[in-house]
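This one's a predicted model, so the numbers in the text were calculated from it and none came from an experiment. Throughout, protein chains are lettered first and strands after them, A, B, ... in sequence-line order, and every chain is numbered starting at 1.
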Amino acid sequence: MPMSPVARTRVGDALVYARTMLVFAVAWWAVSRWTDNPILLPSPLDVLAAMGDLAREGELFRQAAVSFGRMVLSLAIASALAIPLGLAMGLSKTFEAIVDPTVELLRPISGIAWIPLALFLFGIGNVLPVFIMTYAAFFPILLGTVAGVRAVDRSLVNAARTMGLPTRGIVTRVVMPAALPSLLVALRLGVAVAWTAVVASELIGAPSGLGYAVEWYRELLMTPQVMSFIAMIGLIGYICDGGVRLLSRTLTPWAPKRA
Amino acid sequence: MSADTIKLRLAGVGKRFAVAGKPDAVAVDDFSLDIRQGEFLVVVGPSGCGKTTVLNVLAGLDTATAGTVTIDERPIAGPGPDRGVMFQDYALFPWQTVRGNVGFGLKYGPAGASLSTAARNERIAHTIDLVGLKGSEDKYPHQLSGGMRQRVALARLIANEPDVLLMDEPLAALDAQTRTILQDELLRVWGQDRPASERRTVVFITHAIDEAVFLADRIAVMTAHPGRLKTIVDNPLPRPRTDATRALPEFQALVQRIWSLIRDEAYRATVA
Amino acid sequence: MSAATTLPGSAQGAGALRGRRALLGAALPVALLLLWQVLGTLSADPRMPLPSKIVAAAVTMIADGELPMAIVQSLGRVFAGFVVAALLAIPLGLAMGYSRAVERNVDPLVETFRPIAAIAVLPLAILWLGTGTSAAIAIVAYAAFFPLVVNTVAGARNVPPTLLRAAATMGLRKFTTVRTVVVPAALPQIGVGLRIAMGVGWTAIVAAELAVGAKAGGGGSGGIGQMMFVFYAYSIELNRIIVCMLAVGLVALLLDRILRWALARLMPWSAR
Ligand SMILES: Nc1ncnc2c1ncn2[C@@H]1O[C@H](COP(=O)(O)OP(=O)(O)OP(=O)(O)O)[C@@H](O)[C@H]1O
Ligand SMILES: [Mg+2]
């Protein structure tokens, strides 16, 4: 019984979504007819056609897979570095005092500002985007882990202690699960900044990937292809965000839902 | 206008709240009451019996799910500046100072539309003085004590000079002395010294029975589960009421009577 | 020190603790810099950046006005884009937060374009606006727009209902309510949006200038991002690149501090 209004809203939302996007597409189409310059503003139909071609040739997915693969690799490296460091910083005041100022000195320097130096160090290739994204994702994950560990209820730790858990057990059985929701929120942020960085670094310093493809087709003045790849960037960004949220829901079903 | 004109009329009013996954909660059931023009009506009853709900229906902030509510024989469709409300949780604007909060309705609502800026400021200053907040005009709500906040809310209501004052436990957070002083002031604002036809109409919720007896023309006693009107007690104590009133044996007797009416209610409410 | 002098010593203890923390915190960067200096001096590569050379480069770059000029140029673009974004996003966000109908119809567009990173749109901006300042401003505006909309909507949506009710009982009109209640209540959240927007705007401008420098050659339009690229591409002056990186970080930090200070001034009511 309480299911039906939710379902109705879902369908209704989908309809509203379709309507809005249709209005947008029609307006776009009208403007493209009026400006009448397919290089500056191709019609949405041209873009759809180009997208279809790119999809059929497989280039769309090939480049997407390259960028996506780089991001997954970067997130893995960033997590492998940031989570243990964050745990240590959260657990030990002394360690935090030693490391925190260095982190705070580096953090305001955005990943993108590293690109010229990275170009010198690694040249154009696979390493550069992975380095930039790892750097970009590192800080949110680190801060999220520290905040999560900090916020662990002292009484939970004490409760575990009264049950005789060793320190190791307290860390793995109490601190880490309790810090997990905060960590996952941070991971979501990390994904967002990493995905922004992937485009920037591929645009400048990689011979492949979505960012590279966008720039490549711009130089060829093939605007429908440019827009197709831009759309793909948005789509993957959206899917990744949804993926992390899904991960949060499955890993921490007990955590309060956030918008 | 005769003193017996009906200002507000509640006829068979009911209010249910939809609660997810449960049958509707009945907050108020079959509530009928006529409030006369210029009357000071006090509502008492155990916690959760629906006093605030009745007040919200009169304010037009909630719509009754049964019955009719009218003001001057016209149905109440929504909130309006003719009915000022003092909220149980004060509803002060955190970004406004004491002066800004007291003058909010005068500045942004129709209440001060006919006033010059000078007259407006005059009234704001006067009202702040009235509730004893002189010197705190430029403080923000978070810098005030609970009692001071309550006085700001009271001053805001008074400054707007609405026809009908709907007050939800307006003096509950005050110390005994301030409370006594403000009861006197409230009676003055209401128009205790004027003929009944020139008085404002007040609906006043309180848990303090001596306060109810001191202020009221009539006292409406409510019961809980569901919220209903139990009885209406007339208050024959003469006006103007002063400190001497509290010493009268009739005063004490009336307090006792209301208390005994409420006691079994309150008991039932806590046990239920 | 005798026990008597250390008795009130909790404050003193805290001070000592803070001193110890500062010392610990400084140790790591200092050690790293020393190590870098020593190892770098041993290296044979003359291009090897060294802390001492970086300091020297910074001094020259500041003294000849090159670095400040580039920063000012980039900042000008960030502010322009930021203002454009704010003028579009805040009214839209307020409308979306206040009216369900607007929100429902506009949200699909926002949610569709939000995941598209600003830099991805840069090629289009270059196509439409050239490699000059307007493309850079457009990218900043695009980047700043989404955090601003999202936070404004959240702020306008979460106005405490009791404040809206209070405004309604004072007879405020819709537009006045938005101006005097919704906007101030949403302001803290809008402030969060402004800070995020400033951060992403600054990142975006560096990226945009870098990309323009990389793709349009050195003849592009200047700014700190392009300056970095020129140092890489034409002279491989790593010391100078690192000075630029530090400047990018420092400006990001300062922008946020200034904005935070300005917002605190703007909202004196929010208890710190
Ligand atoms: N929005 C709501 N949804 C569901 N139930 C509600 C809602 N508002 C009030 N109620 C219920 O209606 C009943 C009456 O509430 P009301 O606030 O009118 O009580 P009250 O007499 O003012 O109590 P108090 O003296 O504690 O202020 C309570 O049982 C309350 O739980
Ligand atoms: Mg109440």
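In terms of non-hydrogen atom pairs under 4.5 Å with chain C, the most contact-rich of Leu117(A), Asp241(A), Ile236(A) is Leu117(A). Most heavy-atom pairs under 4.5 Å with chain A, from the set Val251(C), Val206(C), Val248(C), Leu127(C): that is Leu127(C). Between chain C and the options Val193(A), Leu41(A), Asp100(A), Val214(A), heavy-atom pairs under 4.5 Å are most frequent for Val214(A). Counting heavy-atom pairs closer than 4.5 Å to chain A, the top residue among Asn105(C), Asp107(C), Leu253(C) is Asn105(C). Comparing Val106(C), Leu238(C), Thr203(C) by heavy-atom pairs within less than 4.5 Å of chain A, the highest count is held by Leu238(C). Among the candidates Leu235(A), Ile230(A), Ile233(A), the residue making the largest number of heavy-atom pairs closer than 4.5 Å to chain C is Ile230(A). Contact tally against chain C (heavy-atom pairs below 4.5 Å) for Thr196(A), Ile98(A), Val199(A): the top residue is Ile98(A).
Contact of the Met48(C) side chain with the Trp36(C) side chain is registered, since non-hydrogen atoms from C-beta on lie closer than 4.5 Å. Residues Met227(C) and Leu67(C) form a side-chain contact, since some pair of their non-hydrogen atoms from C-beta on lies under 4.5 Å apart. Put simply, the side chain of Leu210(A) reaches to within 4.5 Å of the side chain of Trp195(A), judged on heavy atoms. Residues Met222(A) and Leu220(A) are in side-chain contact: their nearest non-hydrogen atoms beyond the backbone lie under 4.5 Å apart.
Annotation: the span from Met245(C) atom CE to Ile109(A) atom CD1 amounts to 5.0 Å, rounded to 0.5 Å. With values rounded to the nearest 0.5 angstrom, Leu85(A) atom CG is found 12.0 Å from Ile141(A) atom CD1.
For Arg19(A), the part lying near chain C is the side chain, with the backbone staying farther off; criterion is any non-hydrogen pair under 4.5 Å. In this structure, no portion of Ser201(A) lies under 4.5 Å from any heavy atom of chain C. Within the 4.5 angstrom heavy-atom criterion, no atom of Ile224(C) approaches chain A. At a 4.5 Å heavy-atom cutoff, the contact between Phe24(A) and chain C is made by side-chain atoms alone. For a residue to count as touching a neighbouring chain, one of its non-hydrogen atoms must lie under 4.5 Å from one of that chain's; by this rule Leu105(A) touches chain C with the side chain only. Residue Ala27(C) does not touch chain A at all, counting heavy-atom pairs closer than 4.5 Å. With a 4.5 Å cut-off on non-hydrogen atoms, Leu221(A) touches chain C through its side chain but not through its backbone. For chain A, the nearby part of Ile241(C) is the side chain; its heavy atoms alone come within less than 4.5 Å. Contact of Arg20(C) with chain A is made through the side chain alone, with heavy-atom distances under 4.5 Å. Heavy-atom distances place the side chain of Phe113(C), and not its backbone, under 4.5 Å from chain A. Within the 4.5 angstrom heavy-atom criterion, only side-chain atoms of Met227(A), from C-beta onward, approach chain C.
Using a 4.0 Å cut-off between a side-chain N of Lys or Arg and a carboxylate O of Asp or Glu, Glu104(A) and Arg107(A) qualify as a salt bridge.
Tyr135(A) and Ser110(A) share no side-chain donor-acceptor pair at under 3.5 Å. For the residue pair Glu209(C) / Ser74(C), a side-chain donor-acceptor distance below 3.5 Å is found, with atom types taken as modelled. Side-chain contact, Glu202(A) with Ser67(A): a donor N or O sits under 3.5 Å from an acceptor N or O.
In this structure, Phe229(A) and Tyr217(A) have parallel ring planes: the angle between them is below the 30° cut-off, well short of the 60° mark.
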